[in-house]
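Beneath this line is the structure, given in structure tokens, with notes to follow.
Please read all numbers here as calculations on a predicted model, not as lab measurements. Throughout, a chain's letter reflects where its sequence line sits, starting with A, and its residues are numbered from 1.
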Amino acid sequence: MKEADAIKLFIGQIPRNLEEKDLKPIFEQFGKIYELTVIKDKYTGMHKGCAFLTYCERESALKAQNALHEQKTLPGMNRPIQVKPADSEGRGEDRKLFVGMLGKQQSDADVRKMFEEFGSIEECTVLRGPDGTSKGCAFVKYQNNPEAAAAINTLHGSRTLPGASSSLVVKFADSEKERGIRRMQQVASQLGVISPMTLHLGAYNAYTQVLVQQQALVAQSAYLSPVSTITMQQLAALNPSSLIATPIASLTTSAQSPVLDPIQQAYAGMQHYTATYPAAYGMVGQPFPHQHTMLAQQHQQPQQLQQREGPEGCNIFIYHLPQEFTDSEMLQMFIPFGNVISAKVFVDRATNQSKCFGFVSFDNPSSAQTAIQAMNGFQIGMKRLKVQLKRPKDANRPY
DNA sequence: TAGTATT
């Protein structure tokens with residue numbers, strides 16, 4: 001079906017509304033396609049704006065790369081399409097350097113000049129903010145690893161450039177895994193959120209990832225929205241992972257609480273998000289279709305969530321909750337998984353203290369299952385949550 | 001001082 005020496009290509013800078021069927025015509029003019037896959041997020045299914053492409057014949061891949069790479073820009077994109085061998089094809093990124101502690105004045109050309117004596121540079125880019133000012137760092141990619149190593153040996157720490165606060169940093173760029181961790185930390189800090197990971201509360205897992213992606217989407221909606229009065233602190237008030245780490249006093253939502261206002265504002269932003277995000281990014285399905293409904297309920301009836309049970313299979317039992325978790329915190333913890341119709345932490349009548357277990361009800365069994373899958377075993381502090389379906393009323397075994 | 005993305 002395909003040649004033994006076929007090349008897998010990475011395709012970048014493709015609009016998020018283009019699926020395989022839309023991309024096929026663009027690429028099949030260079031040869032018979034063996035496989036074409038749009039890359040989607042493992043958890044949310046969100047189109048990541050890139051794809052992998054393998055032609056049956058090696059020659060087709062080379063032709064496509066020649067004809068398309070950096071040659072044209074797809075509608076809605078502001079950078080040209082990328083068509084090049086996937087990282088999996090060659091050796092890893094062992095020839096790419098991160099350069100830190102540059103002066104703000106230095107251009108790509110200045111950096112290139114400094115690095116070119118160590119080998120042939122394939123790419124050299126100073127990172128810049130939206131206003132074009134240098135971030136004081138750059139990526140430099142050589143054709144091979146020894147060249148990169150030579151540059152590190154000679155340049156790292158060798159001088160302090162004007163305007164830099166410390167001596168020049170030259171090291172291999174982060175691996176993909178390290179980049180992932182860095183991104184998580186960035187999002188968390190931008191949102192003023194103390195993430196579970198930052199707190200070492202638990203391992204990075206599906207739930208953490210879902211949360212951080214939601215944070216990113218909400219932040220984006222605030223940005224897109226004309227009602228962009230919401231602040232990062234206000235966003236944090238919506239987020240369960242911040243609740244985990246924050247003293248309860250400031251967080252229990254009530255009609256009188258100042259927390260209500262940000263929720264209303266966020267909801268205004270979310271409405272805009274609902275309308276704008278799919279149009280702007282060609283998103284086919286909402287990653288969290290229920291969240292808007294939930295916020296709408298809060299909007300109309302803050303804290304008035306009635307205690308009611310969903311149909312069988314929709315109700316979950318949660319044990320080993322943190323002592324300080326109230327209905328509100330637990331509710332927010334489970335919002336990502338669906339339309340929550342009830343969230344109740346059981347409280348000792350005598351002491352008014354949480355008994356560290358509770359029930360959450362969704363309006364459908366699938367949400368309940370998703371919540372169980374993601375949250376059972378989720379580590380908070382020294383404990384792990386136990387999350388399972390609530391037993392039907394007639395069952396009476398002890399827990 | 002970490003980009004626009006690598007199943």
Atom-to-atom span, [atom1] of [X] to [atom2] of [N] - whole angstrom:
X: A:L74; N: B:dA5; atom1: CG; atom2: C1'; result: 14 Å
X: A:L9; N: B:dA5; atom1: CG; atom2: C1'; result: 15 Å
X: A:Q13; N: B:dT4; atom1: CD; atom2: P; result: 9 Å
X: A:N78; N: B:dG3; atom1: CG; atom2: P; result: 16 Å
X: A:K96; N: B:dA2; atom1: NZ; atom2: C1'; result: 9 Å
X: A:K48; N: B:dT6; atom1: NZ; atom2: C1'; result: 8 Å
X: A:I11; N: B:dT7; atom1: CD1; atom2: P; result: 14 Å
X: A:M77; N: B:dA5; atom1: CE; atom2: P; result: 12 Å

Carboxylate-amine/guanidinium proximity below 4.0 Å for [X] and [Y]:
X: A:E122; Y: A:R95; value: yes
X: A:E19; Y: A:K40; value: yes
X: A:E309; Y: A:K390; value: yes

Co-membership, hydrophobic cluster, residues [X] and [Y], 4.5 Å side-chain:
X: A:L168; Y: A:Y142; answer: yes
X: A:M77; Y: A:I11; answer: yes
X: A:I81; Y: A:Y55; answer: yes
X: A:L36; Y: A:F10; answer: no

Shortest side-chain distance from [X], nucleotide among [options]:
X: A:S88; options: B:dG3, B:dT4, B:dT7; value: B:dT7
X: A:I39; options: B:dA5, B:dG3, B:dT7; value: B:dT7
X: A:A86; options: B:dG3, B:dT4, B:dT6; value: B:dT6

Just checking [X]: base, sugar-phosphate only, or nothing, at a heavy-atom cut-off of under 4.0 Å?
X: A:K8; answer: base
X: A:A173; answer: base
X: A:T37; answer: nothing
X: A:E123; answer: base
X: A:K141; answer: nothing
X: A:E178; answer: nothing

Going by centres under 5.5 angstrom and planes under 30 degrees, do the aromatic ring of [X] and the base ring of [N] stack?
X: A:F10; N: B:dA5; result: no
X: A:F52; N: B:dT7; result: yes
X: A:F98; N: B:dA2; result: yes

| said: Counting only heavy atoms from other residues, nucleotides and ligands, does the tally under 6.0 Å from OH of A:Y34 exceed 12? | reply: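 No, OH of A:Y34 has 12 or fewer neighbouring heavy atoms, counting only those of other groups under 6.0 Å.
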
> For DNA chain B, which ranges pair as stems of 3 or more consecutive Watson-Crick or G-U pairs, with both donor-acceptor distances under 3.5 Å?
Replying inline: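 Nothing qualifies as a stem here.
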
